[in-house]
Amino acid sequence: MDDTNGRKFQKELNGGLVGLVLLAVLAQSDADLYGYEIAKRLASANDGTSIFKEGTIYPVLRALSAGELLTSRIVPSYSGPPRRYYRITDQGRAVLAEWRSIWEGTRNFVDSFINKDLP
Amino acid sequence: MNRTAPRSIDQYLRQLREELAGADAALIQDASYDAEEYLRAEVAAHPDKSEADVLELIASTYGSPEEVAGAYRDTEIKVKAAMATPRKIPNSRMGGFFGVFFDPRAYTSLFFMLLCLGTGIFYFVFAITGLSLSAGLSILVIGIPFFLSFVALSRVVALAEGRLIEAMTGARMPRRPSYQGNALRFWPRMGMMLKDPRTWSTLAYFLTMLPLGIIYFVIAIVGLSVSLAFMFMPIAVTLSRLGLFGYGAVDVFSNVEPAIIWDTPLAFVLMIAGLLLLTCLMHVARGIGRLHAMYAKSLLVARTAPGTMSVPIEPGPLPAHTRRFPQWPAS
């Protein structure tokens with residue numbers, strides 16, 4: 001079966017969700033995390049495959065950082081270029097709380113329709 | 001775009017750059033850096049697999065070059081739209097001319113012109129000192145490591161200059177350094193730095209920043225002082241004659257033509273001329289800001305590729321030294 005519709009729907013859903021998930025991952029972590037590490041955490045939470053392509057989280061991390069929701073620092077790495085470690089800011093936590101309530105409201109609204117018995 | 005799946009990090013990055021062709025050079029540099037960080041970490045995390053095997057998995061985890069390029073383009077557009085200061089578009093020619101006073105970029109560009117004298121002197125001294133010491137020390141053992149450190153430091157300074165230019169003029173500049181690869185041995189790395197045109201264009205930028213900084217500073221200072229003097233001289237003369245300005249009750253403008261006071265046509269003409277001059281200066285500052293950003297981008301940002309991409313990397317397990325060390329702790 002052609003899964004184009006499914007992929008398109010997933011991509012549209014992911015638009016705003018990546019930022020929410022990244023803020024949540026960083027808010028739950030005691031240590032600062034770098035892009036690859038975050039990508040692997042997301043994948044391990046979903047049996048090894050991430051809902052969204054891991055390459056899409058880097059530009060979103062940069063956008064969140066530019067919006068001062070995250071701070072970052074650079075640490076040298078033996079395997080490749082120096083890594084940028086991210087940490088959530090107080091402003092980021094406030095935005096996360098707001099986004100979370102929006103997400104919960106949206107989820108409940110959607111659930112109230114799709115959880116009904118379909119004909 | 002259909003193409004063969006990349007079999008090495010080098011190929012992946014090349015395809016990613018091809019997908020981003022036409023996008024901002026700074027965006028391409030950032031995307032290549034992020035991809036390289038991920039891909040090398042992924043290869044290092046699977047020491048038992050060859051680079052080609054790891055790359056096969058990449059399409060389903062990190063995403064194909066096409067998907068990643070799409071994500072960068074989308075995010076860039078969204079971030080640019082969200083960060084842009086909303087501007088009212090003046091609907092008359094007059095509004096367009098004086099509207100420059102409501103554009104924050106005009107003020108920041110003017111400040112940048114003043115700042116350029118300081119940064120220009122610093123860059124010039126940095127480049128001349130580095131080059132002279134590199135030449136002088138080249139006969140000693142420390143000469144080559146010194147030159148390598150100097151070139152590496154010049155890239156850090158170039159990145160900082162890019163950030164400054166983006167803050168002042170709004171032009172998109174790289175947010176990540178261009179990565180040269182650390183798997184290379186000493187001599188190939190040295191040769192690559194010497195052959196990389198960006199090494200020399202960065203130094204050329206540093207050297208030209210001194211004359212440019214002087215020119216910008218002079219334009220800004222002369223423009224500001226002449227236009228502000230024209231605008232406020234009639235007021236200053238009047239206040240001085242009333243004994244409210246100057247040293248005690250002394251008329252500091254006693255040698256100025258008595259006609260220049262508030263209610264004369266000459267005073268009015270002077271103030272209008274000052275205002276027009278100041279407006280022109282703001283337009284010039286904004287224009288110089290844009291031109292300088294283009295100039296900086298052409299010399300400081302690589303048009304083609306960061307270093308590793310021009311150096312073929314043999315597929316296979318990583319060199320021993322990359323496996324021997326533990327991963328950097330995430331503290």
Side-chain angles (χ1 to χ4, degrees), chain A residues 7-8 10-12 14-16 18-19 22 25-26 29-44 46-69 72-87 95, chain B residues 9 12 16 27 30-45 47 58-76 78-80 82-83 156 166 175-183 306 308 318 321-331:
Chain A
R7 270 190 306 187
K8 194 172 168 222
Q10 180 74 63
K11 194 182 166 195
E12 282 170 5
N14 289 348
V18 180
L22 292 179
V25 168
L26 285 162
S29 167
D30 296 329
D32 299 356
L33 301 174
Y34 63 98
Y36 179 79
E37 217 170 7
I38 297 172
K40 290 301 149 199
R41 283 196 182 200
L42 297 184
S44 65
N46 193 42
D47 298 332
T49 51
S50 185
I51 296 281
F52 27 77
K53 294 288 190 222
E54 292 166 17
T56 60
I57 70 169
Y58 284 86
V60 179
L61 279 173
R62 187 134 37 78
L64 294 173
S65 190
E68 294 178 357
L69 305 184
S72 66
R73 65 192 170 88
I74 292 179
V75 175
S77 147
Y78 289 112
S79 65
R83 290 167 180 164
R84 189 169 283 268
Y85 281 80
Y86 292 94
R87 174 183 295 182
V95 168
Chain B
I9 293 176
Y12 187 96
L16 178 61
L27 172 71
D30 286 351
S32 304
Y33 184 95
D34 291 340
E36 189 155 13
E37 179 196 304
Y38 181 95
L39 299 178
R40 294 212 181 275
E42 186 78 340
V43 170
I58 292 290
S60 60
T61 55
Y62 190 72
S64 67
E66 191 180 353
E67 286 168 318
V68 173
Y72 274 87
R73 282 186 203 276
D74 291 350
T75 310
E76 185 78 359
K78 278 184 213 152
V79 172
K80 201 180 259 182
M83 308 260 283
V156 176
E166 182 166 332
R175 290 158 199 170
R176 300 279 185 280
S178 98
Y179 176 62
Q180 293 294 312
N182 56 9
T308 42
L318 278 175
H321 74 273
T322 55
R323 292 204 304 268
R324 201 183 312 139
F325 297 107
Q327 294 294 299
W328 203 271
S331 57

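Proteins come first, then strands; the chains are lettered A, B, ... in the order of their sequence lines, and each starts at number 1. No experiment lies behind these values; they were computed from the predicted model shown.
Nearest heavy-atom pair across A:T56 and B:A71 is CG2-CB, 3.5 Å. The shortest heavy-atom contact between A:R62 and B:A31 is NH2-N, 4.4 Å.
Between B:Y33 atom OH and A:R84 atom CZ the span is 7.0 Å, to the nearest 0.5 Å. To the nearest 0.5 Å, atoms OH (A:Y36) and CD (B:E37) are separated by 10.5 Å.
For B:Y38, the side-chain hydrogen bond (donor to acceptor under 3.5 Å, both in side chains) partners two or more places apart in sequence, or in a different chain, are A:K40, A:E54.
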